[in-house]
Amino acid sequence: MIKAITGTKDILPWQISEWKRLEKTVENLMSYFNYKEIRTPTFEETVLFSRGIGEATDIVSKEMYTFIDRSETSITLKPEMTASVVRAYIEHKLSKKQNLHKLYYISSMYRQERPQAGRLREFHQFGAEAIGSNAPMLDAEMIELAYSILKSFGLKNLDIKINSLGVPAEREQYKTELRNYLKDKFELLSEDSKKRFETNILRIFDSKDEKDIEIMSEAPKILDFLSEESLKHFEEVKSYLDEIEIKYSVDYKLVRGLDYYTNTTFEIVSSSVGAQSALCGGGRYNLLIEQLGGPPTPATGFAAGMERILLACVNEGCNKEEEASLDIYLVRMEPAKKTAVFKISNTLRKNGLKTEMDYLSRSVKAQMREANRMNARFVLFVGGEEFEKGSVVLKDMETGEQQELPAKDLTPVISKLKNQ
RNA sequence: GUGGGCGUAGCUCAGCUGGUUAGAGCGUCUGGUUGUGGCCCAGAAGGUCGUGGGUUCAAAUCCCAUCGCUCACCCCA
């Protein structure tokens, strides 16, 4: 049996309604905040991501789906959207069009990680990017937007965590300080953290090792290394959140894994999913546009994992079962009436009625069971002595009432169904 | 990449101190008088017991390998 590739999933018909509900929620809120949708290709030149996200990050160094195509170009399936959106922003010279662009997307992403609860190799994200302003208000709006979508979808048990990573110079100084602090404690660190000491020292804060946590609780904090300006930006973001009464906690351990973040970073976590509890993450990236060859442009954004949101929703019981519905089911009483039924279905469907019939030559009883299972509002019997007289019989599946109607002119049936 | 758990019917699972034709519930299908659903009743279909090897008179059951799923680490959304 051929199976779906590891880490990919089919979304089956009965799961679609929740996906659509989430997509609609996203579209709604995005429009309230005046974000415009953007769609970019599924794959890009590899260099876009290696340069944008950072060569040393896990995503680039070991998780990308990269291949050489027939024209010898190195292609990569997008592992995230920000780099692509920025590429489009630069390529189409959007900065010339207007100062600020507020963009959103809903799309699939690809990363070759080991699958687990809330983590797939092909997964879906929605997100927003506001390119062209350094206003702390926009950072706050970004958090408000992400939070509003999750709330509006029906999620509870959410926590917002924010932090500031400052600008690169400040961060470098902090890293140096951190290295000094950890130097004589190095041997006490876990094996993973020893590696992180070299690769990405900030990530040691993320460690779940008890000893590491103990060591890091005494470590210097990034907020103490921020400049006046960075600190002011951070304070403003917080005050805007306070103004609109959005609760958050400052988490100096919140370190994003992508290289391009500057100043504000945030994450929204849920206690309703497994270990992969971050439903949403984002922050400011003021240097990325320039780094990718565009004009120096400040920007901020976020991305949210749709599978995780859906999972949290199921675990919280906030999902809404959509009742299957059918306006009318046509029951064929004798095999010979096939053509008549087919013609009637054509008329009803042309008039905008959800119509179904039997394709398996089953008994009347079986057809009725089917109509019931499909939750048909009405059943129309075609055949028998009534049909000989030129009539069809309409049955209301709720009340059980039946009435004879002329087969030639189905207008009364149609208007009855449309009016109810 | 590392570690734990699990692979028996479409689904959820039982059976696993080795022993005749491998079970249940749900679902599906067909019937319960000429042409009518839901509830109820009856019957039926449906399984290479993940795959390959080994031990044995005998393997779903024990051993090994392999593949897959899953959870966690890692990382991230």
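Within every chain, numbering begins at 1; the chains are lettered A, B, ... in the order of the sequence lines, protein sequences first and strands thereafter. All figures in this text were calculated on a predicted structure; none of them were measured in a lab.
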Asks: May I have the distance from A:Glu370 (atom CD) to B:U28 (atom C1'), rounded to whole angstrom?
Replies: 11 Å

Asks: Which nucleotide in the set B:U30, B:G37, B:A77 lies at the smallest distance from any side-chain heavy atom of A:Ala366?
Replies: B:U30

Asks: Write down the distance separating the C1' atoms in B:A9 and B:A22, rounded off to the nearest Å.
Replies: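 The answer is 11 Å between these two C1' atoms.
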
Asks: Can you sort out the partners of A:Asp396 under side-chain hydrogen bond (donor to acceptor under 3.5 Å, both in side chains), two or more places apart, ordered by chain and number?
Replies: A:Arg377

Asks: Can you measure A:Arg111 atom CZ to B:C75 atom C1' for me and round it to whole angstrom units?
Replies: 9 Å

Asks: Rounded to the nearest angstrom, tell me the gap between atom CG in A:Asp10 and atom P in B:C11.
Replies: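 The answer, rounded to whole Å, is 14 Å.
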
Asks: Calculate the interatomic distance between A:Leu279 atom CG and B:A77 atom P; express it in whole Å.
Replies: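 So the two atoms are 12 Å apart, to the nearest Å.
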
Asks: For A:Gly281 and for A:Met397, locate the closest nucleotide of RNA chain B by heavy-atom distance; then report the residue assigned to the nucleotide nearer the 5' terminus.
Replies: A:Met397

Asks: Among A:Glu122, A:Glu80, A:Lys78, which one satisfies side chain to side chain donor-acceptor pair (under 3.5 Å) with A:Tyr110?
Replies: A:Glu122

Asks: Scan side-chain atoms only and decide if A:Thr76 and A:Thr66 contain a donor-acceptor pair under the 3.5 Å cut-off.
Replies: yes

Asks: Could you tell me which residues satisfy side-chain hydrogen bond (donor to acceptor under 3.5 Å, both in side chains) with A:Ser84, sequence neighbours excluded, listed by chain and number?
Replies: A:Glu44

Asks: Determine which nucleotide pairs with B:C62, using a 3.5 Å limit on both distances of a Watson-Crick or G-U wobble pair.
Replies: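 Matched B:C62 with B:G54 under the 3.5 Å cut-off.
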
Asks: Rounded to whole angstrom, note down the P distance from B:C71 over to B:U61.
Replies: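 The same atom, P, in both gives a distance of 27 Å.
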
Asks: Using Watson-Crick or G-U wobble geometry with both distances below 3.5 Å, tell me the partner of B:G3, or none.
Replies: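 B:G3 is paired with B:C71.
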
Asks: Hey, would you say the A:Phe126 and A:Tyr104 ring centroids sit under 6.0 Å apart?
Replies: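 No; A:Tyr104 has its ring centre 6.0 Å or more from that of A:Phe126.
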
Asks: Has A:Lys208 got a side-chain N or O lying under 4.0 Å from the OP1 or OP2 atom of B:C74?
Replies: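 Answer is yes, contact under 4.0 Å.
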
Asks: Can a side chain N or O of A:Arg362 be found less than 4.0 Å away from OP1 or OP2 on B:G37?
Replies: no

Asks: Between A:Ile204 and A:Asp192, is there a side-chain heavy-atom distance shorter than 4.5 Å?
Replies: no

Asks: Which residue pairs satisfy the side-chain hydrogen bond (donor to acceptor under 3.5 Å, both in side chains) criterion with at least one member in residues 211-226 of chain A, sequence neighbours excluded?
Replies: A:Ser190-A:Asp212, A:Ser193-A:Asp212, A:Ser207-A:Asp212

Asks: Have a look at A:Tyr35 and tell me which of A:Glu129, A:His101, A:Glu141 forms a side chain to side chain donor-acceptor pair (under 3.5 Å) with it.
Replies: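 The residue from A:Glu129, A:His101, A:Glu141 that satisfies side chain to side chain donor-acceptor pair (under 3.5 Å) with A:Tyr35 turns out to be A:Glu141.
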
Asks: Assess the side chains of A:Ser272 and A:Asn315: does a donor N or O sit below 3.5 Å from an acceptor N or O?
Replies: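 Note: A:Ser272 and A:Asn315 side chains miss the donor-acceptor criterion.
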
Asks: Report the base-pairing partner of B:U21 (Watson-Crick or G-U wobble, both distances below 3.5 angstrom), or none.
Replies: none

Asks: If you round to the nearest 0.5 Å, how far is OG of A:Ser50 from CE of A:Met64?
Replies: 6.0 Å

Asks: Please report, rounded to the nearest Å, how far the C1' atom of B:C75 is from the CG atom of A:Asp58.
Replies: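 Interatomic distance, CG of A:Asp58 to C1' of B:C75: 5 Å.
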
Asks: If you count heavy atoms of other groups shown closer than 6.0 angstrom to NZ of A:Lys20, is the number above 12?
Replies: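 Atom NZ in A:Lys20 is not packed in, count stays at 12 or less.
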
Asks: Which part of the nucleic acid, if any, lies within reach of A:Gly282 when heavy atoms closer than 4.0 Å are counted: base, sugar-phosphate only, or nothing?
Replies: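 It contacts nothing in the nucleic acid.
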
Asks: For the C1' atoms, the ones on B:A60 and on B:G18, what distance do you get once it is rounded to whole angstrom?
Replies: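 Those two atoms are separated by 10 Å.
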
Asks: Considering just the side-chain nitrogens and oxygens of A:Arg373, establish if one lies under 4.0 Å of OP1 or OP2 belonging to B:U28.
Replies: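 Result: yes.
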
Asks: Given the C1' atoms of B:U28 and B:G46, what is the spacing between them in whole Å?
Replies: 9 Å

Asks: Any chance CD1 of A:Ile5 has more than 12 other-residue heavy atoms, nucleotides or ligands included, within less than 6.0 Å?
Replies: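 Not buried by this count: 12 neighbours or fewer within 6.0 Å.
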
Asks: Could you list by number each residue of residues 300-315 of chain A showing a heavy-atom separation from RNA chain B of less than 4.0 Å, or answer none if no residue does?
Replies: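 The stretch gives A:Ala303, A:Gly305, A:Arg308 as the residues lying under 4.0 Å from the strand, ordered by number.
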
Asks: Give me the residues of residues 189-197 of chain A where at least one heavy atom lies under 4.0 Å from an atom of RNA chain B, by number, or none.
Replies: A:Asp192, A:Arg196

Asks: Could you list the residues that satisfy side-chain hydrogen bond (donor to acceptor under 3.5 Å, both in side chains) with A:Ser152, not counting sequence neighbours?
Replies: none

Asks: Can you tell me, in whole Å, how much space there is between the C1' of B:A14 and that of B:U8?
Replies: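 Between the two C1' atoms, the distance is 10 Å.
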
Asks: In the structure shown, which nucleotide is the Watson-Crick or G-U wobble counterpart of B:U36, with both distances under 3.5 Å?
Replies: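 By the stated definition (distances under 3.5 Å), nothing pairs with B:U36.
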
Asks: Nearest whole angstrom, please: distance from the P of B:A77 to the CD1 of A:Ile106.
Replies: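 Those two atoms, CD1 and P, are 18 Å apart.
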
Asks: Under 3.5 Å for both donor-acceptor distances, Watson-Crick or wobble: does B:C16 have a partner, and if so which one?
Replies: none

Asks: Only counting residues at least two apart or in another chain, list the ones meeting side chain to side chain contact (heavy atoms under 4.5 Å, CB included) with A:Thr176.
Replies: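 Partners of A:Thr176 under the side chain to side chain contact (heavy atoms under 4.5 Å, CB included) test: A:Arg179, A:Asn180.
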
Asks: Minimum heavy-atom separation for A:Ala407 to A:Val392, with atom names?
Replies: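 Closest approach of A:Ala407 to A:Val392: CB-CG1, 3.8 Å.
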
Asks: Polar atoms only, N or O, under 3.5 Å: list the protein pairs with nucleotides 6-10 of chain B and their distances.
Replies:
none

Asks: A:Phe67 vs A:Phe43 aromatic rings, parallel, tilted or perpendicular, using cut-offs 30° and 60°?
Replies: perpendicular

Asks: Specify the separation, in whole Å, of atom CZ of A:Phe387 and atom C1' of B:U36.
Replies: 18 Å

Asks: For B:A42, which nucleotide is its Watson-Crick or G-U wobble mate, given both distances must be under 3.5 Å?
Replies: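 Paired with B:A42, as far as the under-3.5 Å criterion goes, is B:U30.
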
Asks: Find every protein N or O atom lying less than 3.5 Å from an N or O atom of nucleotides 67-71 of chain B, and list the pairs.
Replies:
residue : atom : partner  : partner atom : Å
B:G68   : O2'  : A:Lys3   : NZ           : 3.2
B:C69   : OP1  : A:Thr6   : OG1          : 3.2
B:C69   : OP2  : A:Thr6   : OG1          : 3.2
B:U70   : OP1  : A:Lys9   : NZ           : 2.8
B:C71   : OP2  : A:Ala117 : N            : 3.1

Asks: Of all residues at least two apart in sequence or in a different chain, which pass the side-chain hydrogen bond (donor to acceptor under 3.5 Å, both in side chains) check with A:Asn34?
Replies: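 Residues passing side-chain hydrogen bond (donor to acceptor under 3.5 Å, both in side chains) with A:Asn34: A:Lys36.
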
Asks: Quick one: is the NZ or CZ of A:Arg39 closer than 6.0 Å to the six-membered ring centre of A:Tyr105, and within 45° of its axis?
Replies: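 Verdict for A:Tyr105: no cation-pi partner in A:Arg39.
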
Asks: Strictly under 3.5 Å: I want the nitrogen or oxygen pairs between protein and nucleotides 32-35 of chain B, one per line.
Replies:
residue : atom : partner  : partner atom : Å
B:G32   : N7   : A:Lys365 : NZ           : 2.9
B:G35   : O6   : A:Glu385 : N            : 3.2
B:G35   : O6   : A:Glu385 : OE1          : 3.3
B:G35   : O6   : A:Glu386 : OE1          : 3.2
B:G35   : N1   : A:Glu386 : OE1          : 2.8
B:G35   : N1   : A:Glu386 : OE2          : 3.2

Asks: Between B:G37 atom C1' and A:Ile328 atom CD1, what is the distance in whole Å?
Replies: 15 Å

Asks: Within 45 degrees of the ring normal and closer than 6.0 Å to the centroid, is that where the cationic atom of A:Lys185 sits relative to A:Tyr181?
Replies: yes

Asks: For nucleotides 42-50 of chain B, tabulate all protein N/O to nucleotide N/O atom pairs closer than 3.5 Å, reporting atom names and distance.
Replies:
none

